[in-house]
Amino acid sequence: MEISDIKRRVVETIERAKRQAADRRTRNDEAAREYETFLNRTAIPVFKQVSNVLRAEGHAFTMVTPGGSVGSVRLMSDRTAEDYIEILLDTSGETPVVSGHTGRSRGRRVIESEEAIGPPAALTENDVLTFVLKALEPLVER
């Protein structure tokens with residue numbers, strides 16, 4: 001194989017990687033803006049309402065926004081910090097997606113799970129509530 005062919009292919013690979021990285025940064029920046037809007041207009045209000053209903057029903061859960069309102073929203077048990085439901089933006093994949101994380105303690109074990117909920121611009125209050133209610137069942141069954 002000629003050195004000129006190898007050099008050309010290496011340079012093409014470098015240029016392609018730079019273009020892909022720039023595209024990914026653009027997508028992630030756009031998704032971050034959409035996610036901030038989604039968080040403030042949809043997710044945080046739903047989490048607050050669920051927290052209020054849980055308290056009224058005798059289940060001590062608090063809604064928190066770690067690191068301020070941008071980033072994530074979490075519904076945590078006041079009894080144990082390992083019992084939580086959280087929504088955050090996952091930009092590790094090809095397309096950014098809102099991801100739901102849950103944790104629950106069983107004795108000394110902590111069971112954690114994660115699931116993709118959808119793109120931030122497409123999610124509704126009902127989508128958020130459906131995720132939260134599904135994740136909430138094991139936390140309130142005791």
Q.
For F61, is there any backbone N or O sitting under 3.5 Å from a side-chain donor or acceptor partner on S51?
A. yes
Q. Any luck finding a side-chain donor-acceptor pair between E2 and S4 under 3.5 Å?
A. no
Q: Report yes if the side chains of P96 and L89 come closer than 4.5 Å at any heavy-atom pair, otherwise no.
A: yes
(Q) Working to the nearest 0.5 angstrom, can you tell me the gap between D83 CG and L136 CG? (A) 10.0 Å
Q: Find out if a path of hydrophobic residues (ILVMFWY) with successive side-chain heavy-atom gaps under 4.5 Å connects V140 to L129.
A: yes
Q. If you round to the nearest 0.5 Å, how far is CG of D23 from CD of Q20?
A. 7.5 Å
Q: First locate atom OG1 of T102, then atom CD1 of I87, and finally report the distance between them rounded to the nearest 0.5 Å.
A: 11.5 Å
Q) Would a hydrophobic clustering, with Ile, Leu, Val, Met, Phe, Trp and Tyr connected at side-chain separations under 4.5 Å, put F38 with M63? A) yes
Q) What is the distance from atom OG1 of T65 to atom CD of E86, rounded to the nearest 0.5 Å? A) 11.0 Å
(Q) Check for me, please, whether V46 and L123 land in the same ILVMFWY cluster - side-chain distances under 4.5 Å, paths through other members count. (A) yes
Q.
On a heavy-atom basis, which atom in F131 and which in H101 lie closest, and how many Å separate them?
A. CZ-N, 3.9 Å
Q. Between T130 and D127, is any side-chain donor less than 3.5 angstrom from a side-chain acceptor?
A. no
Q: Please report the closest heavy-atom contact between T80 and S105, naming both atoms and the distance.
A: CG2-OG, 3.8 Å
Q | V128 with L133, same ILVMFWY side-chain cluster at under 4.5 Å | A | yes
Q: State plainly whether one hydrophobic cluster holds both Y84 and I117, where clusters connect Ile, Leu, Val, Met, Phe, Trp and Tyr through side-chain heavy atoms under 4.5 angstrom apart.
A: no
Q.
For the CG atom of N52 and the CZ atom of F47, what is their distance to the nearest 0.5 Å?
A. 13.5 Å
Q. For the side chain of Y35 and the backbone of V97, is there at least one donor-acceptor N/O pair under 3.5 Å apart?
A. no
Q: Look at the side chain of R27 and the backbone N and O of T91, then say whether any donor-acceptor pair between them is shorter than 3.5 Å.
A: no
Q. Will you find, in the side chains of D90 and S92, an N or O donor that is under 3.5 Å from an N or O acceptor?
A. yes
Q. Quick one: CZ on R41 to CD on E36, what's the gap to the nearest 0.5 Å?
A. 10.5 Å
Q: Applying side chain to side chain contact (heavy atoms under 4.5 Å, CB included), run through L139 and L75 and close with a yes or a no.
A: CA-CA 11 Å; L139 301 178; L75 188 62; over 6 Å; no
Q) Do NZ/NE/NH1/NH2 and the carboxylate oxygens of E12 and R16 come within less than 4.0 Å? A) no
Q: Identify the heavy atoms of P119 and V98 that sit nearest to each other, and give their distance.
A: C-CG2, 4.4 Å
Q. Are T62 and R55 linked by a side-chain donor-acceptor pair shorter than 3.5 Å?
A. yes
Q.
Using a strict threshold of under 4.0 Å (side-chain N to carboxylate O), is an ion pair present between R33 and E30?
A. yes
Q. Quick one: does M1's side chain get under 4.5 Å of R9's, heavy atoms only?
A. yes
